[in-house]
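Chain identifiers are assigned alphabetically (A, B, ...) following the order of the sequence lines, protein sequences preceding nucleic acid strands; residue numbering begins at 1 within each chain.
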Amino acid sequence: MREVAMVGAGMIKFGRYPEKGVHELAAQAALLALQDADMTMKDVELLASGNLYQSSAMIGQRIMKEIGQTGIPVINVANACATGSTAYREAYMAVASGAYDTALAVGSEQMGKMGLLGGGGGGGGGGISPEGIVGSGLMPAVFGQAGVEHMRNYGTTEEQFAKIAVKNHKHSMHNPYSQYQVEMSLEDVMNARTIAWPNTLYMCCPTGDGAAAAVLTTMEKAKQLTTEPIKVATSTLTSDPYTERDLTMPDVNTLTKNASKLAYEDAGVGAEDLDLVELHDCFATAEMLHYENLGLCGEGEAGKLIDDKETYVGGRIPVNASGGLLSKGHPLGATGVANICEVYWHLKGQAGGRQVEGAKVGLAHVIGLGSACTIHILQK
Amino acid sequence: MAEAETQGKQVKPILPFLHISDNPDEKPYLAGSKCKSCGATYLGARMACAKCYSTEPMEDVKLSDKGELHVFSIVHQSAPGIPTPYVAAIVDLPEGVSVRCNIEGVEPDPKNLKFGMPVEMYTEIVHTDRDGNDIMAFKFRPAK
Ligand SMILES: [Zn+2]
């Protein structure tokens, strides 16, 4: 496998764009990434496009109809919330394998009104959905239960989960790409209406549209383009192995633990070497679990990590300096690419008011239920 | 009843692993399958064992109607048409199987629910489908 470098990042502000087609949002992000890399579609040899809700609409090809139909191979990817990061991985693999020198990854989504309540359910007798009658398979309940399991195992409190949301909303104040930029107190978060206990409204990611893109090329070419190339040290993807309750209660932990172990081995770095982490905080409870799953602290120590504010920008290991999905938004197909772009900007020193000073190694994590987990580690 | 029978109407399970017998004296139960090779037990049927990959046909098992509350959430907002709040739970059965279910018979408040509390299954008709068949669901409640 060849060394791969990221040489361009582009993203549009997440939010509502009902007047636009999702391919237009995607094309906008693609152009921004290409401009950042000082390239045009002429330089791109493969395009990987991630989009979940319109996965049959050939979004990748429609992007090229907006910005340049060069006839190159296009892969359209769907992989739940890991859709964008899986597209990024396809671009990475294309370059790493030696088959192509330069590839473009684009993630995009238009969420409509239902957001994370839109999917799930299904499969009942006589067309009757079991949702809400036989428990819940929707994301809010699933991640509520996952947080409650952490409470059961380690005595984690509602307040500790809420503190994660306070941190991410505070971080968002410095991110112009964030859908929401509203600072909130612990009381604001805890007194908001409950969506699925223990997560309140401000502990759940908002629904919105968005797009992000990245340009990948060989390290050799990257060195000709820039004096400070950013290496993609690993692109790791896992699915869920057999665990006892997983068939009923989605296990969001094991596949992330497996992915982080593989990713650290592949990249030759450890959790202690990371300067920042963008992880999949679709709900505040999820971020708590992933502190441990990614090895940022020991088992059962995640509550203390947030109590001690170690995951704030300025703390020992800043997590979700972007404001996370909780503020930035979670347009499913765009999320995975956007997380990687955020890490890239920090390593380039281009993250503005939220910059993690001197960042050299960063990790981007995404999990899609069903399940798929990606971890990318970028290195200066 | 006679009218329902003449039109071929019946009681159907909301999920395929809720077993409803033709014999009205037999209580409905959750059907499982057990791998003969490694003993892993599943809710409903599996084509092969997800744990040990054995393709030997599995043994049918009748799962217990009593279990323990593993975890829960109180759902306050859901998709349109789904009444809230309610307790969305995961219950562990003694056969090593977990079940996703609602917990009824308690106010949906975390203080009324204890990890590991004993719960029991019951069934009720929750819907009538467009052909007039009754749809039966299983639910759990604190064990008496
Ligand atoms: Zn087996």
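Taking chain B as the reference chain and counting heavy-atom pairs below 4.5 Å, the highest number among A/V148, A/L201, A/I133, A/T194 is found for A/I133.
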Less than 3.5 Å apart, which donor and acceptor atoms pair up between the side chains of residues 183-191 of chain A and the rest of the protein, not counting sequence neighbours?
residue: A/S185; atom: OG; partner: A/E187; partner atom: N; Å: 3.4
residue: A/S185; atom: OG; partner: A/D188; partner atom: N; Å: 3.0
residue: A/S185; atom: OG; partner: A/D188; partner atom: OD1; Å: 3.4
residue: A/S185; atom: OG; partner: A/D188; partner atom: OD2; Å: 3.2
residue: A/D188; atom: OD2; partner: A/S185; partner atom: N; Å: 3.0
residue: A/N191; atom: ND2; partner: A/E187; partner atom: O; Å: 3.3

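Contact annotation for B/A89: only backbone heavy atoms (N, CA, C, O) come within less than 4.5 Å of a heavy atom of chain A. Of the two parts of B/K139, only the side chain, counted from C-beta on, holds a non-hydrogen atom closer than 4.5 Å to a non-hydrogen atom of chain A. Using a 4.5 Å cut-off between heavy atoms, B/Y42 contacts chain A through its side chain alone, with no backbone atom that close. For B/I74, the parts lying near chain A are the backbone and the side chain together; criterion is any non-hydrogen pair under 4.5 Å.
Across B/I14 and A/P130, no two heavy atoms sit closer than the pair CD1-CA, 3.7 Å. Nearest heavy-atom pair, A/G132 versus B/I82, reported as atom, atom and distance to 0.1 Å: CA-CG2, 3.8 Å. Closest approach of B/A50 and A/Y242 over heavy atoms only: O-CB, 3.5 Å.
Taking the side chain as every heavy atom from C-beta outward, A/S136 and B/Y86 approach each other to under 4.5 Å. Looking at heavy atoms from C-beta onward, B/Q77 lies out of side-chain contact with A/P140 at the 4.5 angstrom threshold.
Within a 6.0 Å radius of NZ in B/K27, no more than 12 heavy atoms belonging to other residues, nucleotides or ligands are found. The number of heavy atoms from other shown groups lying within 6.0 Å of OH (B/Y53) does not exceed 12. Atom NZ of A/K163 has more than 12 neighbouring heavy atoms from other residues, nucleotides or ligands inside a 6.0 Å radius. Under a cut-off of 6.0 angstrom, the local environment of NZ in A/K304 is sparse, with at most 12 non-hydrogen atoms contributed by other residues, nucleotides or ligands.
Within residues 18-25 of chain B, no residue approaches chain A closer than 4.5 Å by heavy atoms. Near-neighbour residues of residues 55-73 of chain B relative to chain A, defined by a heavy atom under 4.5 Å from a heavy atom of that chain, comprise B/L69, B/H70, B/V71, B/F72, B/S73. Contact annotation for residues 99-111 of chain B against chain A (heavy-atom separation below 4.5 Å, listed by residue number): B/V99, B/R100, B/C101, B/N102, B/P110.
When atom types are taken as modelled, the side chain of A/T248 and the backbone of B/S98 share a donor-acceptor pair closer than 3.5 angstrom.
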